[in-house]
Amino acid sequence: MSILVLLCRMTTALTLCLPLSVAAAAKDKDRCDIDISKIDRIEPVAEYDPYGGNATGYHAVELEHEGGPACALLVGIDDGNNGSRVMESSKDRLVYDLYKDSRLGQRVDDIRGNESNMFALAMDSKNDNASVQFFSNIPGGQLVAKGTYSDRVTVNVYQLLEGIPVGPIASRTAQVRTKVRSVVSASVIVDGVERPLNGTVGTVDLGDLTRGGIGRFDLDISGNGDYSLSLSSQNGGQLVTSGGGSIGYQLYVSGRAVSMARGATVDLGGAGRYELRVETAAAGQVLAGTYNDNLILTITAN
């Protein structure tokens, strides 16, 4: 009795294997041969400006039907080597995404996502070339360090057999790449009022200079690198009056004395707030009057 039971199980196992082998052969016979002949480098923009808004690019995948029967296909793109569609440069990360439409309303997915977000098409020996167009986008406002950022994504082609995706039957990788430019934004805060560093930004009142005067204002900088602050004086570091009198002053940038006789450039270590202080010695022996100078500030990203 025991021997008969074992033989019965073995016979059942062999019987179950036969249909599976036939089905696998049938799938190989029905499978078409697709080649991804071209995909350009996915570069939304040559240089990304964090202050410039969205950066969007147009791209295409070229497919060729190289043999086999007519076939229904799904084309998708994965989330990239860095995961979740992120370009990297050193330790910094720049988020991007891929879309089916120019309005950026429908994301391109791979087979593990929503199949409606993939590209569906049919190919055969007569319609043996096809182009799939999609769009890349880097959202604006990502204040990351300057440099070259990159990722690699894989384009996958799946064949639909009886409505079920099989494959991928073809794959090809493409580089996603952009450069992030140096950017800087600055504003001046005088007496608690903040104004962009563009045109006239305010007046620093040093008060009565008979016993010496002191005035302060702040420079607020944001950006993605180091910066240079160039300073020049209309009167060569002198407060002057219409009557011909003049009073010299000393300028300090975050406690560092800067000579304004010929102008100066100060390298700043990065984003932040910097105090600028103006001081004059006692000026009891000069003509009475109102003394002034125009101080010109220019911020340049290094």
Side-chain angles (χ1 to χ4, degrees), residues 27-28 30-48 53-89 93-140 142 148-180:
K27 287 183 179 180
D28 290 338
D30 293 339
R31 187 169 296 178
C32 61
D33 186 7
I34 299 294
D35 178 59
I36 303 175
S37 59
K38 177 181 178 294
I39 176 171
D40 59 354
R41 184 169 66 188
I42 302 171
E43 191 172 69
V45 65
E47 278 195 325
Y48 173 71
N54 286 355
T56 303
Y58 167 83
H59 316 280
V61 178
E62 304 295 335
L63 306 178
E64 290 185 6
H65 182 280
E66 297 192 327
C71 49
L73 304 172
L74 287 176
V75 180
I77 305 177
D78 71 4
D79 282 345
N81 288 356
N82 299 325
S84 302
R85 292 187 181 158
V86 173
M87 287 181 275
E88 293 186 345
S89 176
R93 295 162 64 85
L94 186 66
V95 174
Y96 71 97
D97 216 334
L98 306 176
Y99 296 89
K100 295 179 70 174
D101 60 310
S102 61
R103 295 182 179 181
L104 312 180
Q106 190 172 12
R107 187 178 189 268
V108 178
D109 278 331
D110 200 11
I111 200 68
R112 295 179 181 85
N114 188 342
E115 287 187 16
S116 67
N117 287 1
M118 301 176 69
F119 298 94
L121 63 155
M123 299 184 72
D124 55 32
S125 58
K126 293 183 179 180
N127 301 306
D128 59 353
N129 288 278
S131 179
V132 174
Q133 293 85 35
F134 65 97
F135 299 83
S136 60
N137 179 68
I138 307 174
Q142 299 184 71
T148 300
Y149 288 71
S150 64
D151 189 19
R152 295 196 74 85
V153 296
T154 300
V155 178
N156 292 310
V157 180
Y158 302 86
Q159 184 177 353
L160 289 174
L161 292 174
E162 298 180 356
I164 299 174
V166 174
I169 61 173
S171 298
R172 187 160 180 169
T173 61
Q175 185 185 48
V176 186
R177 179 182 180 273
T178 193
K179 289 184 178 180
V180 175

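Position 1 is the first residue of the sequence; numbering continues from there.
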- Task: Decide yes or no for Leu98 and Ile42: does some side-chain heavy atom of the first lie under 4.5 Å from some side-chain heavy atom of the second?
- Result: yes
- Heavy atoms of Pro44 and Ala55 approach each other most closely as CB-O, 3.7 Å
- Rounded distance (nearest 0.5 Å) linking atom CG of Leu73 with atom CE of Met123: 7.0 Å
- For Thr173 and Arg152 the tightest heavy-atom approach is OG1-NH2, 3.4 Å
- Item | Sequence neighbours excluded, every pair satisfying side-chain hydrogen bond (donor to acceptor under 3.5 Å, both in side chains) that has a member inside residues 158-172 | Asp110-Tyr158, Asn156-Ser171
- Check whether any side-chain heavy atom of His65 lies under 4.5 Å from a side-chain heavy atom of Asp33, and answer yes or no. no
- Note on the structure: Residues Tyr48 and Gly53: closest non-hydrogen pair is CE1-O, 4.2 Å
- Task: Run the numbers on Met118 and Val75 for side-chain contact (heavy atoms from CB on, under 4.5 Å), then give the verdict.
- Result: CA-CA 6 Å; Met118 301 176 69; Val75 180; 6.0 Å; no
- Query: Would a 4.5 Å heavy-atom cut-off, applied to side chains only, mark Tyr149 and Ile138 as touching?
  - Reply: no
- Would you list the pairs meeting salt bridge (Lys or Arg N to Asp or Glu O under 4.0 Å) in which at least one residue belongs to residues 55-67, sequence neighbours left out? none
- Minimal non-hydrogen separation, Thr148 against Arg177, with atom names: CG2-NE, 3.8 Å
- Shortest non-hydrogen contact from Val153 toward Gly80: CG1-CA, 3.8 Å
- Asn81 CG to Thr154 OG1 distance, which is reported to the nearest 0.5 Å: 6.5 Å
- Message: With rounding to the nearest 0.5 angstrom, report the CZ to CZ distance, Phe134 to Phe119.
- Response: 7.5 Å
- Item | Distance, nearest 0.5 Å, that separates OG1 of Thr56 from CG of Asp97 | 11.0 Å
- Intermediate values then yes/no, side-chain contact (heavy atoms from CB on, under 4.5 Å), Ile36 and Leu63: CA-CA 5 Å; Ile36 303 175; Leu63 306 178; 3.8 Å; yes
- In sequence, state the C-alpha distance, the side-chain angles, and the governing distance for Ile39 and His59, and then conclude on side-chain contact (heavy atoms from CB on, under 4.5 Å). CA-CA 8 Å; Ile39 176 171; His59 316 280; over 6 Å; no
- Message: If you compare all heavy atoms of Glu115 against all heavy atoms of Pro165, which two are closest, and at what distance to 0.1 Å?
- Response: OE2-CG, 3.5 Å
